[in-house]
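What follows is a single structure, written as structure tokens, with notes after it.
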Amino acid sequence: MSPLYQKQHLQIYNSLSGTKEVFKPLLEGNVGMYVCGPTVYSNVHLGNVRTFMSFDMAFRYLKHLGYKVRYVRNITDAGHLEDDADQGEDKIAKKARLEQIEPMEVVQQYTIDFHNILQKFNCLPPSIEPTATGHIIEQIEIVKEIIENGFAYEKNGSVYFDVLKFNESHDYGRLSGRKLEDMIANTRELAAQSEKKNPQDFALWKKAEPQHIMRWPSPWGEGFPGWHLECTTMSTKYLGEQFDIHGGGMDLKFPHHECEIAQSEASCGKNPVNYWMHANMLTLNGKKMSKSTGNYINPGQIFTGENEFLSKGYVPGVARFFIMQAHYRSVLDFSDEALQASEKGFYRLMEAVHVLKGLEASSTSSFSIQEWIDSCYAAMNDDFNSPILIAQLFEAVKYIHQLKEGKEKLSAEDLEVFKNTINAFVFDVLALEDSTASADANTDKLSGALDLLIKLRTEARANKDFSTSDQIRDALLEMGIQLKDGREGTTYSINQ
RNA sequence: GGUGUCGUGGCCGAGUGGCUAGGCAGAGGUCUGCAACACCUCGUACAGCGGUUCGAAUCCGCUCGACACCUCCA
């Protein structure tokens with residue numbers, strides 16, 4: 001069978017061109033994708049999770065289409081400067097000093113937290129997850145190349161990228177739509193004592209002050225790499241000088257991604273990325289979630305409900321469903337009310353998927369399932385439009401009920417395709433975890449006990465002993481077990 | 001101040017020059033011992049003001065408002 005991508009033509013919104021473009025990888029059938037990972041100096045917050053979840057969905061869809069994808073996502077465990085002045089201290093070192101532990105201990109702790117959280121949200125691990133500290137040598141090599149090519153200069157043990165020089169022969173600012181002249185005109189003259197030739201220049205290598213704990217030897221003395229360099233280095237190393245997709249949060253577009261382009265072009269002379277993808281912000285109270293301003297919620301609090309903005313806890317699948325209901329390029333505002341709405345929709349969808357499993361085929365089909373399938377692919381091919389896909393899934397929910405009631409029919413072949421498609425989109429692409437299914441998979445004993453309770457309640461109802469029957473029903477509901485009285489007896493569902 | 005994005009029904013959130021997503025909430029109904037669950041039916045919204053057009057919420061201009069980036073942040 002030929003791979004799906006030969007039939008399904010994916011379009012991706014490219015931040016570089018500002019338009020949707022047909023996706024065509026450099027090497028047919030293969031995709032190289034790089035996503036900027038977290039800086040591990042504190043717990044990831046829900047806004048971070050949204051971005052990684054968006055690219056997880058993209059990764060999953062590319063794989064679904066039959067592409068062989070190498071997905072690289074870095075861990076930033078060194079280098080991010082605390083401020084632009086010459087403090088020479090990065091966030092990880094500062095945190096380590098405050099907590100009186102080794103920097104790598106901080107890194108380890110928050111890397112584990114990051115992995116745990118993403119796993120809970122059903123994100124696949126990337127193919128390669130390189131660390132900045134593991135690629136110091138490679139970073140130094142790139143700095144050397146940039147100096148050799150005349151686009152960087154050394155000053156007092158630090159190396160800076162010469163943006164003005166670069167802009168003479170290249171276009172600095174084309175990703176973010178900025179013009180260097182405008183930037184110069186609007187510069188705030190604060191860092192007057194800076195070693196930089198121009199305020200727009202950025203550090204490739206920073207000299208380590210004596211109190212700085214994270215340091216490595218280099219041709220320019222002991223120091224540490226600048227904060228844009230790692231991504232250039234590691235994407236080049238694992239995906240090549242040119243690769244297909246580079247993703248990250250919208251807030252990284254400038255200066256981070258702009259600097260990456262500049263570094264690549266200044267070192268190897270090639271435009272590194274064909275498709276730039278930027279995921280939009282998750283807001284809280286209408287404002288961007290941000291560690292530095294304190295306007296954020298920790299992902300773990302979603303599950304427990306321990307947050308002033310939450311009325312209760314939610315299973316990870318609900319949060320994922322909520323996020324997938326918005327397009328990745330739109331700002332999404334987080335609220336308890338919106339999450340509650342998503343929760344109901346999520347369980348309704350999952351219930352229907354459950355019902356679908358037990359449906360039986362007819363000899364013929366009364367409607368075209370292929371038309372529906374096409375609309376699902378059309379949604380995803382249109383720049384990963386997961387909200388439209390979900391709308392189509394709710395169309396499928398209607399079909400499922402009509403099939404169940406015998407109002408519509410599907411042949412064995414069509415039913416099989418229907419089931420496969422639903423499973424592919426719900427579980428493989430959107431990765432909505434079916435918490436109801438996992439609950440009853442390992443609860444044989446519970447289901448036996450429930451069957452008994454249902455039997456007792458049915459008998460009580462037959463005897464018109466409604467106080468007993470209602471007691472059973474209400475007590476179970478308290479525990480999150482919903483009894484459902486149908487025409488053919490009572491069934492139940494377990495909500496977590 | 002500069003750059004960019006956006007402003008959609010009670011809420012969330014797609015989309016688009018004419019065929020008017022979807023979810024939640026709400027209303028009515030079927031089912032039920034009463035319920036819950038489930039299912040069926042129902043809402044003609046697109047910031048304001050001009051303009052282009054046979055026709056705009058969708059294109060253009062202006063106004064107002066919001067957000068993001070310009071400084072570490074997904």
Side-chain angles (χ1 to χ4, degrees), chain A residues 18 35-39 41-42 44-55 76 80-85 90-91 173 176-179 181-183 185-188 190-191 200 227 247-256 258 278-283 286-293 296 321-322 325-327 329-335 337-349 351-352 355 375 379 382 385-395 397-398 401-402 404-405 407 461-462 464-466 469-470 473-474 477 482-487 490-493:
Chain A
V35 171
C36 290
T39 304
Y41 66 93
S42 67
V44 283
H45 61 66
L46 198 64
N48 303 122
V49 170
R50 182 192 182 193
T51 296
F52 299 125
M53 205 186 273
S54 296
F55 289 108
T76 295
H80 276 217
L81 289 175
E82 182 67 11
D83 61 37
D84 205 36
D90 68 38
K91 288 191 169 176
S176 53
R178 281 157 220 263
K179 288 194 171 60
E181 307 87 78
D182 296 342
M183 290 164 60
N186 290 302
T187 301
R188 301 174 208 163
L190 291 175
Q200 286 70 37
W227 39 276
M250 201 75 108
D251 49 353
L252 296 182
K253 200 169 176 182
F254 188 90
H256 185 60
E258 202 69 72
H278 288 99
N280 219 320
M281 299 295 102
L282 183 66
T283 60
K287 295 267 168 67
K288 173 185 171 181
M289 281 198 199
S290 165
K291 287 173 193 166
S292 50
T293 60
Y296 70 94
F321 181 75
F322 164 69
Q325 267 187 307
H327 187 88
R329 279 193 292 119
S330 298
V331 173
L332 174 63
D333 192 56
F334 181 90
S335 69
E337 203 187 356
L339 212 53
Q340 278 189 31
S342 288
E343 184 178 46
K344 297 215 171 142
F346 172 74
Y347 283 123
R348 208 181 127 217
L349 176 62
E351 191 62 33
V355 170
S375 66
D382 185 14
N385 200 323
S386 56
I388 296 283
L389 172 64
I390 288 174
Q392 291 306 329
L393 292 176
F394 278 103
E395 287 301 307
V397 170
K398 272 186 195 162
H401 293 305
Q402 285 165 345
K404 187 186 171 194
E405 285 166 29
K407 289 179 185 163
R461 290 175 72 203
K464 301 220 186 311
D465 178 8
F466 296 124
S469 67
D470 288 358
R473 176 226 281 163
D474 297 341
L477 190 60
Q482 169 96 57
L483 294 186
K484 301 171 181 184
D485 297 326
R487 199 166 293 164
T490 301
T491 56
Y492 62 89
S493 69

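What's counted below: heavy atoms across the whole structure, side chains too, no hydrogens, waters or symmetry copies. Just so it is clear: chains get the letters A, B, ... in the order the sequence lines come, proteins before strands, and each one is counted from 1.
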Inset, instruction - With P as the reference atom in both, quote the distance from B/U32 to B/A47 in angstrom, rounded to an integer. - result: 47 Å
Inset, instruction - May I have the distance from A/Tyr41 (atom OH) to B/C73 (atom P), rounded to whole angstrom? - result: 8 Å
Inset, instruction - Using Watson-Crick or G-U wobble geometry with both distances below 3.5 Å, tell me the partner of B/A27, or none. - result: B/U41
Inset, instruction - Between B/A74, B/C73, B/G13, spot the one nearest the side chain of A/Met281, thanks. - result: B/A74
Inset, instruction - Just name whichever nucleotide pairs with B/A36, Watson-Crick or G-U, keeping both distances under 3.5 Å, else none. - result: none
Legend entry - d(NZ, A/Lys484; P, B/U30) in whole Å: 22 Å
Legend entry - Below 4.0 Å: OP1/OP2 of B/A14 and any side-chain N or O of A/Ser330: yes
Inset, instruction - Using the P atom as the reference point in each nucleotide, state the distance between B/U3 and B/U58 in Å, no decimals. - result: 24 Å
Inset, instruction - Could you tell me whether a side-chain N or O of A/Glu258 sits under 3.5 Å from a main-chain N or O of A/Gly173, the two making a donor and an acceptor? - result: yes
Legend entry - For B/U53, the Watson-Crick or wobble counterpart (both distances under 3.5 Å): none
Inset, instruction - Indicate, with a heavy-atom threshold strictly under 4.0 Å, whether A/Ala326 touches base, sugar-phosphate, or nothing. - result: sugar-phosphate
Inset, instruction - Please indicate yes or no: is the ring centre of A/Phe466 less than 5.5 Å from the centre of the six-membered base ring of B/G33, with the two planes inclined by under 30 degrees? - result: yes
Legend entry - Which nucleotide in B/C67, B/G33, B/G23 has an atom nearest any side-chain atom of A/Ser469: B/G33
Inset, instruction - Pick base, sugar-phosphate or nothing for A/Gly47, based on heavy-atom distances below 4.0 Å to the nucleic acid. - result: base
Inset, instruction - Using a cut-off of strictly less than 4.0 Å, decide whether A/Arg178 has a side-chain nitrogen or oxygen near OP1 or OP2 of B/G2. - result: no
Legend entry - P spacing across the pair B/C42 / B/C49, given as an integer number of angstrom: 31 Å
Legend entry - Options B/G22, B/G13, B/C34, nucleotide nearest the side-chain atoms of A/Asp485: B/C34
Legend entry - Side chain proximity check, A/Arg461 to A/Asp485, heavy atoms < 4.5 angstrom: yes
Inset, instruction - Provide the distance between the two C1' atoms, one in B/G9 and one in B/A21, to the nearest whole Å. - result: 13 Å
Legend entry - Same-atom distance (C1') from B/C54 to B/C59, integer angstrom: 16 Å
Inset, instruction - Remember a base hit wins even if backbone is also touched, and classify A/Leu332 as base, sugar-phosphate or nothing at under 4.0 Å, heavy atoms. - result: sugar-phosphate
Legend entry - Side-chain donor or acceptor of A/Asn385 paired with backbone N/O of A/Ile388 under 3.5 Å: yes
Legend entry - Short side-chain N/O contact from A/His401 to OP1 or OP2 of B/C39, under 4.0 Å: yes
Legend entry - Side-chain N or O of A/Lys291 closer than 4.0 Å to phosphate OP1/OP2 of B/A74: yes
Inset, instruction - With the side chain of A/Phe52 defined as its heavy atoms from C-beta on, choose the nearest nucleotide among B/G23, B/A21, B/A74. - result: B/A74
Legend entry - Criterion side-chain contact (heavy atoms from CB on, under 4.5 Å) on A/His256 and A/Asp251, from CA distance to verdict: CA-CA 9 Å; A/His256 185 60; A/Asp251 49 353; over 6 Å; no
Legend entry - Distance between P atoms of B/A56 and B/A45 (Å, rounded): 14 Å
Inset, instruction - Whole angstrom is fine here: how far is it from OH in A/Tyr296 over to C1' in B/C72? - result: 15 Å
Inset, instruction - Classify the nucleic acid contact of A/Gln402 as base, sugar-phosphate or nothing, counting any heavy atom under 4.0 Å across all strands shown. - result: nothing
Legend entry - Interatomic distance at C1', B/G13 relative to B/G4, whole Å: 22 Å
Legend entry - 5' precedence on RNA chain B between A/Glu337 and A/Gly345 (nearest-nucleotide basis): A/Glu337
Inset, instruction - State whether A/Arg461 places a side-chain N or O below 4.0 Å from either non-bridging phosphate oxygen (OP1 or OP2) of B/C34. - result: no
Inset, instruction - Measure from NZ on A/Lys464 to C1' on B/C34 and round the result to the nearest Å. - result: 12 Å
Inset, instruction - Describe, in one word, how the ring planes of A/Phe322 and A/Phe334 are oriented to each other, choosing from parallel (under 30°), tilted (30 to 60°) and perpendicular (over 60°). - result: perpendicular
Legend entry - Same-atom distance (C1') from B/U52 to B/G17, integer angstrom: 11 Å
Legend entry - A/Lys287 vs B/C67: side-chain N/O to OP1/OP2 distance below 4.0 Å: yes
Inset, instruction - Find out whether A/Arg178 and A/Gln200 are in side-chain contact, i.e. whether some heavy atom of one side chain is under 4.5 Å from a heavy atom of the other. - result: no
Inset, instruction - State whether a side-chain donor-acceptor pair under 3.5 Å links A/Ser342 with A/Gln325. - result: yes
Inset, instruction - Can you tell me the distance, in whole Å, between the CZ atom of A/Arg329 and the C1' atom of B/A68? - result: 15 Å
Inset, instruction - Output the single nucleotide from B/A74, B/G23, B/C39 whose closest atom is nearest the side chain of A/Phe394. - result: B/G23
Inset, instruction - Return the value, rounded to whole Å, for the distance between atom CZ of A/Arg50 and atom C1' of B/A68. - result: 13 Å
Legend entry - Nucleotide nearest A/Leu282 (side chain, heavy atoms from C-beta), chosen from B/C24, B/A74, B/C12: B/A74
Inset, instruction - With the side chain of A/Glu395 defined as its heavy atoms from C-beta on, choose the nearest nucleotide among B/G22, B/C11, B/A25. - result: B/G22
Inset, instruction - Could you check how far CG of A/Asp251 sits from P of B/U3, rounded to whole Å? - result: 21 Å
Legend entry - Paired nucleotide for B/A47 [Watson-Crick or G-U wobble; both distances under 3.5 Å]: B/U63
Inset, instruction - For A/Gly247, answer base if it contacts any base atom (sugar-phosphate contacts may also be present), sugar-phosphate if it contacts only those atoms, and nothing otherwise; contact means non-hydrogen atoms under 4.0 Å. - result: nothing
Inset, instruction - Could you check which of B/G23, B/G33, B/C37 has an atom nearest any side-chain atom of A/Arg348? - result: B/G23
Inset, instruction - Could you say whether A/Lys398 or A/Gly248 is positioned toward the 5' end of RNA chain B, judged by the nucleotide with the nearest heavy atom to each? - result: A/Lys398
Legend entry - Under-3.5 Å donor-acceptor pair between A/Thr39 side chain and B/C73 base: no
Inset, instruction - Pick base, sugar-phosphate or nothing for A/Gly486, based on heavy-atom distances below 4.0 Å to the nucleic acid. - result: nothing
Inset, instruction - Please state how far atom CD in A/Glu405 lies from atom C1' in B/U41, giving the value in whole angstrom units. - result: 14 Å
Legend entry - Atom of A/Ser42, atom of A/Lys291 and distance for their closest heavy-atom approach: OG-CD, 3.3 Å
Inset, instruction - Under 4.0 Å between any heavy atoms, over every strand shown, what does A/His278 touch: base, sugar-phosphate, or nothing? Just pick one. - result: nothing
Legend entry - Residue A/Arg473, side-chain heavy atoms: nucleotide from B/A21, B/A35, B/A74 that is nearest: B/A35
Inset, instruction - Compare all side-chain heavy atoms of A/Phe254 with those of A/Met183 and state whether any distance is below 4.5 angstrom. - result: yes
Inset, instruction - Output yes when at least one side-chain N/O atom of A/Lys253 is less than 4.0 Å from OP1 or OP2 of B/G4, else no. - result: no
Legend entry - Distance-only donor-acceptor test, A/Asp465 side-chain atoms vs B/G33 base atoms, 3.5 Å: no
Inset, instruction - State, yes or no, whether a side-chain contact exists between A/Leu46 and A/Tyr296 at a heavy-atom distance under 4.5 Å. - result: no
Inset, instruction - Can you figure out which of B/A74, B/C72, B/A14 approaches the side chain of A/Asn385 most closely? - result: B/A14
